[in-house]
Student: 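Here it is: the structure, laid out below.
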Amino acid sequence: MDLLRQYQNDDVPNSPPQNPNSPDSSPPRLIPSRSAAPTVDDTMLALTVTSASSSSKPIDPTQHAVAFNPTYDQLWAPIVGPAHPYAKDGIAQGMRNHKLGFVEDAAIEPFLFDEQYNTFHKFGYAADPSASAFNNYVGDFDALHKNNAVSVYNIPKHEQKKRKIEVKSKQDNDEEEDDNGDGDVGEELDNPALEAWLMKNKKSPWAGKKEGLQGELTEEQKKYAEDYAKKKGEEKSGFGGDKAEVVNDKSTFHGKEERDYQGRSWIAAPKDAKASNDHCYIPKRLVHTWSGHTKGVSAIRFFPKHGHLILSAGMDTKVKIWDVFNSGKCMRTYMGHSKAVRDICFSNDGTKFLSAGYDKNIKYWDTETGQVISTFGTGKIPYVVKLNPDDDKQNVLLAGMSDKKIVQWDMNTGQITQEYDQHLGAVNTITFVDNNRRFVTSSDDKSLRVWEFGIPVVIKYISEPHMHSMPSISPHPNANWVAAQSLDNQILIYSTREKFQLNKKKRFAGHIVAGYACQVNFSPDGRFVMSGDGEGKCWFWDWKSCKVFRTLKCHEGVCIGCEWHPLEQSKVATCGWDGLIKYWD
């Protein structure tokens, strides 16, 4: 009833309000309001309103997140509001070219400014930057006219040199005036505690100024200077090849006559010399001894193909050739080296041979006449010399030097045609393989290197941690293997095919060669390997079984070289440091 009355009062305009305290009125009741409309999610509407209101605002650079999709204009709008967060002065990092902000070149280029700045401090004048024309100057006009208005950057070089000389002469004059001053000034100059001494001695003692002219040399100084100049001259001459230490090339013939009744030369091979048997045997007994060298013999070589003569290189600076078949005496002595002869090498026909000595010379001799055809050298010691075995390349000389190089000469022209420079130590051996298209070299760097002839690039490099230096290498008669004398008292076998691999199944040991370059060699049929050793013995091994076949006590001291006779299959020649050459059968 109360509700109806209330609605009635609301519908009637200007009706008096009911007094809630009257006895007729009932107490008020609070009833929750209800809406008949469905509920609507207005989140999207709020976002739309927000974006619409913020689309015109630029993005605040200090906020960390953007809650709406900004437009291109908002993203690239100029910065407004507070300062940029990464610069105190409000300039973006990309707009700065100076620590304090952005600096523009206003009136003058930096080079021109530096030029005028340094010119003003040097000469006292500079161009006036405020003037419209650039030929207005400020500063010392007398200096301007004296120097023709030059700046420090355009003084000619001869003027710079002239001014340096003038400054230096002025300083010298000032020093002379100081020296010629009165006694008080002299005392001041001698006192290091005073400023006058500091001014005089301010120049560094390392400035290169000489105290005075060199006086006369004493007799002792003159003698020392002459000896030193002579020594330096000898060192320089060693690099010129022909200008090395001058020795008169001599040769002495010891035989009865140089030609026989038929006009044949003494080096001509006997016509009946031929191989009687293809089967080689190990020698048992000594049949002849050649003695003529006063010091040790370093190498021996049989005459090619026939072996009727044997050539020896001695440490007494001489090379001798001996008769093998007939008299067994020395036929000729070649004297052209001033120091011990290291290596020798015959040409293919035996009419010429090479000798290499510690006097840094390589000499090419005529075997018959004993004349020196030519001399080669680089100023370094040649440790090994070899001629190219091809008949059409007998003019090509290869030498392994002490300066790690293998040098190739054309003996017709005397010019160096190639240098093989890859080794890290002195070169000890040169061995041609693969039909003379390649050669193998060993060195003190404990490695083997294989080269293509004429190309200074290593095609195979063999170096293992367990390897030792190999001072002697010899090819097998079948040309498929090379034997290398290793200084760890063994002989190693390497294949000469494409891979140049170590043959681990073949290893010859038992002898003591550590520290000596004892020669290793093969019998002509390839059945036996032989080598000298440091105790004067000559060792023979069987090629197939690798077992020791026989040992011969040949020399007192080191047996350094051994050669198998090319025709007589059971005869061997050995040489040692006792100066003897022995022939075994």
Student: Applying salt bridge (charged side-chain N to carboxylate O under 4.0 Å, His left out), which residue pairs with at least one partner in residues 137-152 are found, sequence neighbours left out?
Tutor: none
Student: Between Pro475 and Val482, which heavy-atom pair has the shortest distance, and what is it?
Tutor: CA-CG1, 4.0 Å
Student: Test salt bridge (Lys or Arg N to Asp or Glu O under 4.0 Å) on Lys339 and Asp316; report intermediate values, then the result.
Tutor: CA-CA 7 Å; Lys339 293 183 180 178; Asp316 55 358; over 6 Å; no
Student: Between Asp359 and Asn361 (side chain of the first, backbone of the second, donor and acceptor by atom type, cut-off under 3.5 Å), is there such a pair?
Tutor: yes
Student: Checking Glu115 now: which residues fulfil side-chain hydrogen bond (donor to acceptor under 3.5 Å, both in side chains) with it, not counting sequence neighbours?
Tutor: Ser151
Student: What pairs with Asp249 under salt bridge (Lys or Arg N to Asp or Glu O under 4.0 Å), at least two apart in sequence or on another chain?
Tutor: Lys363
Student: Give, for atom OH of Tyr383 and atom CD1 of Ile381, the distance between the pair rounded to the nearest 0.5 Å.
Tutor: 5.0 Å
Student: So which atom in Ala399 and which in Val385 form the shortest heavy-atom distance, rounded to 0.1 Å?
Tutor: CB-CG1, 4.1 Å
Student: Sort out for me which residue in Ser463, Ser442, Ser443 forms a side-chain contact (heavy atoms from CB on, under 4.5 Å) with Leu448.
Tutor: Ser442
Student: Under the ring-ring contact (aromatic ring centres under 6.0 Å, His included) test, which residues partner Tyr494, sequence neighbours left out?
Tutor: none
Student: Using every non-hydrogen atom in the two residues, find where His468 and Ser486 come nearest and quote the distance to one decimal.
Tutor: CB-OG, 3.6 Å
Student: Verify side-chain contact (heavy atoms from CB on, under 4.5 Å) between Glu419 and Gln408, making sure each step is shown before the conclusion.
Tutor: CA-CA 6 Å; Glu419 280 189 354; Gln408 178 178 317; over 6 Å; no
Student: Determine, stepwise, if the pair Val450 / Tyr461 fulfils side-chain contact (heavy atoms from CB on, under 4.5 Å).
Tutor: CA-CA 7 Å; Val450 185; Tyr461 170 60; over 6 Å; no
Student: I'd like to check the salt bridge (Lys or Arg N to Asp or Glu O under 4.0 Å) partners of Asp434; sequence neighbours left out, ordered by chain and number.
Tutor: Arg437, Arg438
Student: Going by side-chain hydrogen bond (donor to acceptor under 3.5 Å, both in side chains), name the residues that satisfy it together with Trp409, two or more places apart in sequence or in a different chain.
Tutor: none
Student: Please assess Ser495 against Gln501 for the test side chain to side chain donor-acceptor pair (under 3.5 Å), listing each intermediate value before the final yes or no.
Tutor: CA-CA 5 Å; Ser495 167; Gln501 288 181 330; over 6 Å; no
Student: Without swapping roles, check the side chain of Asp445 against the backbone of Leu424 for a donor-acceptor pair under 3.5 Å.
Tutor: yes
Student: Can you list the residues that meet the side chain to side chain contact (heavy atoms under 4.5 Å, CB included) rule with Asp227, with sequence neighbours excluded?
Tutor: Lys223
Student: Is a donor from one side chain sitting under 3.5 angstrom from an acceptor on the other, for Trp451 and Thr441?
Tutor: yes
Student: For the residue pair His121 and Tyr117, does the interplanar ring angle fall in the parallel (under 30°), tilted (30 to 60°) or perpendicular (over 60°) class?
Tutor: tilted
Student: Going by atom types only, do Thr71 and Gln74 share a side-chain donor-acceptor pair under 3.5 Å?
Tutor: yes
Student: Check whether the side chains of Tyr358 and Arg342 place a donor and an acceptor atom closer than 3.5 Å, and report yes or no.
Tutor: yes
Student: Taking side-chain hydrogen bond (donor to acceptor under 3.5 Å, both in side chains) as the definition, give me every residue that meets it alongside Tyr153, ordered by chain and number, with sequence neighbours left out.
Tutor: Asn118
Student: Answer yes or no: is there a donor N or O on one side and an acceptor on the other, between the side chain of Asp410 and the main chain of Asn412, under 3.5 Å?
Tutor: yes
Student: Going by side chain to side chain contact (heavy atoms under 4.5 Å, CB included), name the residues that satisfy it together with Ala514, two or more places apart in sequence or in a different chain.
Tutor: Asn489
Student: Listed by chain and number, what are the ring-ring contact (aromatic ring centres under 6.0 Å, His included) partners of Phe432, not counting sequence neighbours?
Tutor: Phe439
Student: In terms of side-chain heavy atoms, does Ser472 have a donor or acceptor partner in Gln519 at a distance below 3.5 Å?
Tutor: no
Student: Mind checking what makes side chain to side chain contact (heavy atoms under 4.5 Å, CB included) contact with Asp390, not counting sequence neighbours?
Tutor: Asn388, Asp392, Lys393, Asn436
Student: Answer yes or no: is there a donor N or O on one side and an acceptor on the other, between the side chain of Tyr334 and the main chain of Asp366, under 3.5 Å?
Tutor: no
Student: Indicate yes or no for a side-chain donor-acceptor contact from Thr429 to the backbone of Ile473 under 3.5 Å, with no hydrogens or angles considered.
Tutor: no
Student: Any idea which heavy atoms bring Ser298 and Ile560 closest together, and the distance?
Tutor: O-CG2, 3.8 Å
Student: Evaluate the criterion side chain to side chain donor-acceptor pair (under 3.5 Å) for residue pair Ser355 and Trp365; output intermediate values, then yes/no.
Tutor: CA-CA 8 Å; Ser355 65; Trp365 300 82; 2.8 Å; yes
Student: For the residue pair Ile430 and Lys386, what are the closest heavy atoms and their distance?
Tutor: O-NZ, 3.3 Å
Student: Considering residues at least two apart in sequence or located in another chain, which fulfil the side chain to side chain contact (heavy atoms under 4.5 Å, CB included) criterion with Gln394?
Tutor: Ser347, Asn348, Leu387
